[in-house]
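Report on the structure given below.
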Amino acid sequence: MKKKEKVYSIALASTFLILFLLFISTAASAAPEQNQRTVAPPEISSGAGDSSDDQILSDELSTEENDTATESIQPSAAPKITEKRITTNAAEQYSPVIDGNKIAWEDYRNGNWDIYIYDLSTKKEISTLNKSNQYSPDIYGNKIVWTDERNGKTEIYLEDLSNKKQTRIITNEVANWDPAIYGNKIVWTGYPGEDYEGYNIYMYDISTKKEQMIAAQAYSPAIYGNRIVWEDNNAGLSNIYMYDLSTKKQTQITNNGLANSPAIYGNRIVWTDWRNENADIYMYDISTKKEKRITTNPSASYSPKIYGDRIVWEDDRNGNWDIYVYDLATRQESHTTDKSNQYNPDIYGDRIVWTDMRNGNADIYMGTLSTSPVAAFSASPTSGNAPLKVKFTDKSTGSPTSWKWSFGDGKTSTSKNPSYTYSKAGKYTVSLTVKNAAGSNTKTIKNYIVVNALKAPVAAFSASPRSGKAPLKVQFTDKSANSPTSWKWSFGDGTYSTSKSPAHKYSKAGKYTVSLTVKNAKGSNTKTVSGYITVSKR
């Protein structure tokens, strides 16, 4: 689930909200006090780890080697963004969010701000129509939250889309806005009123119906699982903080006083950072305590969101605002290319939504990421005597739709998982090229298949047991070298077998001479052991 920060004034385009923000920015003067809410414990630890500004956009894929083969992987192509217009009316639509198949946004088509939801699976649109203004939505599953003015002040409302039931989350007299939701937990920014100073972060648990204060002097919250992140504005410095509901521990993520607009997914937090005198996107990994700089160009980058390995943001490096996406796993970057402005992105899986100005008004668009495949394969066996039959198995990622194998001896195949027989000795370089609608990728392993020249076999065998009372059952095992293709056993009692590793029963006492003759295309060989099996009387 992804969260959103406060939209820019250009995105809000709403006079009532501007007046409201002016009011709350001047109303407070006294020091904050505890009220009926439960204040989170003030335990704080520094979370800022490696601040070396790793410029991961310039990293390259490495080459791996082993004793028998050298592997090379062609860098994967950047994802392709296929765009779709979600809203088609002439009204203004802003602040899109997405979760699963549902997209939500704020919409002015009815003369006030309403929340609209579009279901990609059913292709149906619904709304939370109300005569008052509703804006800043967030969605998780069938639950949607927003800021609502129906009672004369800004409040947080929740609707369960499965039963269309709306719930007023809080009933106090203070201003509350900018909600975010994950599971049964809702977080938002609250202004405590004239007797308090600054903004606070609050949380409400739908399952327990309990509310608690998470942080003071804070706003722009986002939540994932039990972790809440926000922007802290203390003494004029803006830093990113995190609170873990399970450990009740608060952690400071940045310490430069120039960070804002956080978002979180799993163990990763992203935000906008001004330490380089322009707005860049940074990421912090909670598990490794490592920080990375995501954007390294002199343009401005805002509004980051993260889902899995993908980070999206708005960027003006091309002279207008475009939506950029960077994949941490493939280290590839893509962006929208329309000459109008696109901003306020959100992401879920392979889908990105944003506000788009290409049609002369603010519309909601969605882009679907199509990632080119990454070639990978295995083979068994990778060595042996000629003729050697090898089974190749495609292990490529990214859903390829076509395959082309080169076996290293001039022969090719377009099967997904071909079998191929090497007839001559040698070392063979194998390559696989895979394709889909987004692009192609090739993996090559030099000297991957080693085929040895066939030699005449050398007979060898063992037996167990080699002595005992009659009747004695003996298991013979072929241990011949150089890949024989036929076997002939003589057990010394006038009986024979052509099995590779036969079992034979001796019914009479005596000492028996055993011989094995093995053959292949290069010749034959015989081994004989006199008195090899000793059978005694009962």
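FYI, side chains are in, hydrogens and waters are out, and symmetry mates aren't considered; it's all heavy atoms of this structure.
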Drop me the distance from [X]'s [atom1] to [Y]'s [atom2], to the nearest 0.5 angstrom.
X: Y496; Y: S515; atom1: OH; atom2: OG; answer: 8.0 Å
X: R317; Y: D322; atom1: CZ; atom2: CG; answer: 9.0 Å
X: K411; Y: T421; atom1: NZ; atom2: OG1; answer: 11.0 Å

> Among N344, D338, T336, whose side-chain contact (heavy atoms from CB on, under 4.5 Å) with I323 holds?
Replying inline: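 Of all the options given, the one that passes is T336.
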
>> Testing S402, S440, S372, P400 one by one against V434 for a side-chain contact (heavy atoms from CB on, under 4.5 Å), which residue passes?
In response: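 Passing option: P400.
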
Classify the side-chain pair [X]/[Y] by whether it contains a donor and acceptor separated by less than 3.5 Å.
X: Y241; Y: Q252; answer: yes
X: T495; Y: D493; answer: yes
X: N520; Y: T485; answer: no

> Is atom NZ of K210 surrounded by more than 12 heavy atoms (other residues, nucleotides or ligands) closer than 6.0 Å?
Replying inline: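 Counting other residues, nucleotides and ligands, NZ of K210 stays at 12 neighbours or fewer.
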
> Quick check: are there more than 12 heavy atoms from other residues, nucleotides or ligands sitting under 6.0 Å from NZ of K519?
Replying inline: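 No, the 6.0 Å shell around NZ holds no more than 12 heavy atoms from other groups.
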
Does any non-hydrogen side-chain atom of [Y] lie less than 4.5 Å from one of [X]?
X: T393; Y: F377; result: no
X: F476; Y: I533; result: yes
X: F491; Y: Y532; result: no
X: D356; Y: I364; result: no

Are the side chain of [X] and the backbone of [Y] linked by a donor-acceptor contact shorter than 3.5 Å?
X: N436; Y: G398; value: yes
X: K391; Y: N417; value: yes
X: T513; Y: G492; value: no
X: T401; Y: K435; value: yes
X: Q212; Y: M203; value: no
X: S497; Y: S499; value: yes
X: Y448; Y: A379; value: yes
X: T414; Y: K404; value: no
X: N525; Y: A459; value: yes

Carboxylate-amine/guanidinium contact [X] [Y], below 4.0 Å:
X: D273; Y: R275; result: yes
X: R268; Y: D309; result: yes
X: E125; Y: K102; result: no
X: K164; Y: E159; result: no
X: D327; Y: R310; result: yes

> Given T295 and D280, is the side-chain hydrogen bond (donor to acceptor under 3.5 Å, both in side chains) satisfied, shown in steps?
Replying inline: CA-CA 6 Å; T295 59; D280 287 313; 3.2 Å; yes

>> Counting the benzene-type ring for Trp, do Y512 and Y506 have ring centres under 6.0 Å apart?
In response: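 Y512 vs Y506: aromatic centres under 6.0 Å.
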
Students often mix this up, so state it plainly: with edges at 30° and 60°, are the rings of [X] and [Y] parallel, tilted or perpendicular?
X: W313; Y: Y324; value: parallel
X: Y420; Y: Y422; value: perpendicular
X: F392; Y: W405; value: tilted

>> Against Y265, only a single residue in Y224, Y348, Y284 fulfils ring-ring contact (aromatic ring centres under 6.0 Å, His included); can you say which?
In response: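 Among Y224, Y348, Y284, the one meeting ring-ring contact (aromatic ring centres under 6.0 Å, His included) with Y265 is Y224.
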
>> Taking salt bridge (charged side-chain N to carboxylate O under 4.0 Å, His left out) as the definition, give me every residue that meets it alongside R466, ordered by chain and number, with sequence neighbours left out.
In response: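 With sequence neighbours excluded, R466 shows a salt bridge (charged side-chain N to carboxylate O under 4.0 Å, His left out) to no residue whatsoever.
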
> Under the side chain to side chain contact (heavy atoms under 4.5 Å, CB included) test, which residues partner D160, sequence neighbours left out?
Replying inline: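 Applying side chain to side chain contact (heavy atoms under 4.5 Å, CB included) to D160 gives N142, S162, N163.
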
> Can you pull the side chain to side chain donor-acceptor pair (under 3.5 Å) pairs that have at least one residue in residues 467-481, sequence neighbours excluded?
Replying inline: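 Applying side chain to side chain donor-acceptor pair (under 3.5 Å) to every pair that reaches into residues 467-481, excluding sequence neighbours, yields D478-S480, D478-W487.
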
